[in-house]
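Written out below as structure tokens is the structure these notes cover.
Throughout, a chain's letter reflects where its sequence line sits, starting with A, and its residues are numbered from 1.
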Number of protein chains: 2
Amino acid sequence: MEKDSKRTTIYDLAKLVDASPSAVSSVLNGTWEKRRISKNLAERVTKLAEEQGYSVNVQASLLRRERSNIIGMIVPKYDNRYFGKIAEQFEVMARARGFFPVVTCTQRDPELEFEAAKELISYQAECLISTGATDPDRISAFCAASGVQSINLDLPGKNAPSVISDNYAAARDLTKLILDRCETELGWGGPLRFVGGRLADHNTAARLEGFLSAHKERSISVPASYIMATGYSAEKAANALALFRPDHPAGLFVNSTISLEGVVRWHSELEGGADQVRYGCFDWDPFGSFLPGNVGMVEQDVTTMLIKGFELIGRPATSTGQILVPCKIRVF
Amino acid sequence: MEKDSKRTTIYDLAKLVDASPSAVSSVLNGTWEKRRISKNLAERVTKLAEEQGYSVNVQASLLRRERSNIIGMIVPKYDNRYFGKIAEQFEVMARARGFFPVVTCTQRDPELEFEAAKELISYQAECLISTGATDPDRISAFCAASGVQSINLDLPGKNAPSVISDNYAAARDLTKLILDRCETELGWGGPLRFVGGRLADHNTAARLEGFLSAHKERSISVPASYIMATGYSAEKAANALALFRPDHPAGLFVNSTISLEGVVRWHSELEGGADQVRYGCFDWDPFGSFLPGNVGMVEQDVTTMLIKGFELIGRPATSTGQILVPCKIRVF
DNA sequence: CAAATTTGCTCAATCGATGGTGCACGTGAA
DNA sequence: TTCACGTGCACCATCGATTGAGCAAATTTG
């Protein structure tokens, strides 16, 4: 009894209820009262549409309306709680605002990032949010040329407004926390080591600044060799630490949960001296508080960041500034 | 110099290069050689398109072509590595096959699940993969009525083919592993407790079967009160265990990483006796191996599951069977 | 040099939904 | 009986890209 070949269209329904396609259309999109369609016909159409499993061809509808309601988001990875939460919350908030959210994961690959952005724009996305993009400016530039609004999240860019965590302040506070705990628990005063990330990245740079400023505040000087920002993967963090077998108190500032995986692996393989190590991590994970030696983590305030981001939508693109959102620090 | 109002269309480009829209279209979609457009014109059009920041209106293009290339996926949460990896890999594999992947996260909410499915179908998705859906049959039924293929992943359904992990076998093996380790490390022979999940869920049921069968194989009887499948959240697991303060060896089979969070919280709050507890978890997390007491985790084989899933695409919907994919067991 | 091909494009219909315009019919008032 | 409205709908152009059909000009063939 169902169509076996094609999807049902308003023309099919029109024939079946013996009315015009435009009448059917207006019933189905809710404008029937405005268009003075009788309640009788409206009910017949609605009923039939349900029976036939009809659903609008959004392609056609949007083509005509010249609005897509699509809001795109680019995310690098789903391999930590931060980006997972961003994607989840983004979807909820977008839907609550009547958008159709499309999130796509680009593997930290600049080319793929750009391709995905172009694809989203082809789908007439009305706004594109680049999260943690490696090359946000290229994306913003393309968006601008296509007349699409773009917003940077997590990582700032020059061509579009950016909502980012206050990495500096949170890193400074986390550094102080770790130093304090080294002092009270180990009777040792630093300096800490900085593990993970890339100095060329804005976020790593800002965090390093906070890290150094906390040391400076206490007049602790940090040897250059203590800055081990050798990349993001767990392996790179583990490798950077491989030769470090402390026989005295030590402390680490870990720059992401991914790096933390490497640090914890290293830590678990220390024979003695493992209990002489304290560390903290910039980023949160639910298992973090159970890791021996971990004194605290920074949780970025995803909800606030997204709220600020959504506030920018529809605004004139004049504001190219950065919006800083404070982080929460979780002490274990 | 750019259009300030609208997106550039092929008609704009046509005027600018003084050619017909159809010539422009064929240049831009790659059919120009077939349509005997000169290389000269093709190059001029391509250049201009780039200058103008042109990108196809996919809405219009797909409307005409009557193919969307969209492949949809519904995922419950991004709050564990399993679903995160599924989403990521799905996107990579879909793109490699020329699809445009749209993943949407439905918060384990049956209504939202269904709404999202309908929305994806409105966007003319050619195939819909329901991952861990709470009500996959309702979705499959709707897809069938709309003539859209649907596939179940992770959780089986009756109206569409399903690719799922071999929960039974992996649970049996994990149970044996935990029992073995209780024996060798604690000199204690079970029975274990089963924590987390919901018995009404297919996966939990299959895992419980495996759990019980491993016990039976060793002639260990499991008291009914040891089955604590009270839900998925960390809180529920922690609550279920709250009154359990073992002063003797104990072992737990934990049904998901979410439940594991609760278990680890409980475990970390045990004063004495914490080292008399061993557990294993059905699901993998990179920090799992560092949790004291954790003897192993089951990692579901996401890659194989997705490969099997993609193999089903385009097939006649006759095959409504279940495809079982073995899991990997990680021993700590 | 005329006929036959080939080259290089243009025309116009079409996909499905939408919404401005307009028409026929019914009702009530003058 | 006539006119003014109101009701209930149909008609048709339109969004942008695509594609089969077709045509004029250039080139080759006999």
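- When distances are taken from the side chain of A:Thr31 to each of D:dA10, C:dG16, C:dG19, the shortest belongs to C:dG19.
- Look at B:Ser20 and you won't find any side-chain N or O under 4.0 angstrom from OP1 or OP2 of C:dC11.
- Summarising the geometry, the separation between CG on B:Leu41 and P on D:dA25 is reported as 18 Å, rounded to the nearest angstrom.
- A sub-4.0 Å separation between OP1 or OP2 of D:dA17 and a side-chain N or O of B:Ser22 is absent.
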Give every donor-acceptor pair under 3.5 Å between a side-chain atom in residues 98-105 of chain B and any protein atom, sequence neighbours left out.
{"from": "B:Thr104", "atom 1": "OG1", "to": "A:Glu91", "atom 2": "OE1", "distance (Å)": "3.2"}
{"from": "B:Thr104", "atom 1": "OG1", "to": "A:Arg95", "atom 2": "NH2", "distance (Å)": "2.9"}

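- Annotation: side chain to side chain donor-acceptor pair (under 3.5 Å) contacts of A:Glu43 (sequence neighbours excluded): none.
- With sequence neighbours excluded, the residues forming a side chain to side chain donor-acceptor pair (under 3.5 Å) with B:Gln89 are B:Thr303, listed by chain and number.
- Counting to the nearest Å, the P atom of D:dA17 and the CG atom of B:Leu28 are 9 Å from each other.
- Defined by atom type and a distance below 3.5 Å, a donor-acceptor pair is missing between the side-chain atoms of A:Gln59 and B:Ser68.
- For the OP1/OP2 pair of D:dA17 and a distance below 4.0 Å, the side-chain nitrogens and oxygens of B:Tyr54 include at least one atom meeting the criterion.
- The side chain of A:Ala60 approaches C:dG16 more closely than any other nucleotide in the set D:dA17, D:dG8, C:dG16.
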Report all interatomic pairs (protein N or O, nucleotide N or O of nucleotides 21-25 of chain C) with separations under 3.5 Å.
none

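- By the side chain to side chain donor-acceptor pair (under 3.5 Å) test, B:Tyr82 is found to be paired with B:Asp154, B:Gln300, residues two or more places apart in sequence or in another chain being considered.
- Remark: B:Lys77 engages A:Glu88, B:Gln107 in a side chain to side chain donor-acceptor pair (under 3.5 Å) (not counting sequence neighbours).
- Residue B:Ile37 contributes atom CD1, which lies 7 Å from atom P of C:dT10 at whole-angstrom precision.
- Summary of the strand contacts: A:Arg65 and B:Ala42 both lie near DNA chain C, and taking for each the nucleotide with the nearest heavy atom, the more 5' one is attributed to B:Ala42.
- Considering only side-chain atoms of B:Ile10, the nucleotide from D:dA10, C:dG16, D:dT18 that sits closest is D:dT18.
- The distance from atom NZ of B:Lys34 to atom P of D:dT18 is 12 Å, rounded to the nearest whole Å.
- Between the CZ atom of B:Arg67 and the C1' atom of C:dG16 there is a distance of 19 Å, rounded to whole Å.
- Across the protein-nucleic acid pair, B:Asp12 atom CG and D:dC15 atom P stand 11 Å apart, rounded to whole Å.
- Rounded to a whole Å, the CZ atom of B:Arg64 is 11 Å from the C1' atom of C:dA12.
- Note on A:Asn57: every side-chain N or O is 4.0 Å or more away from OP1 and OP2 of C:dC15.
- The residues B:Glu66 and A:Arg7 are annotated as not salt-bridged, no charged nitrogen and carboxylate oxygen being separated by less than 4.0 angstrom.
- Nucleotide C:dC15 holds its C1' atom 9 Å from the CG atom of A:Leu63, rounded to whole Å.
- OP1 or OP2 of D:dT18 sits under 4.0 Å from a side-chain N or O of B:Ser25.
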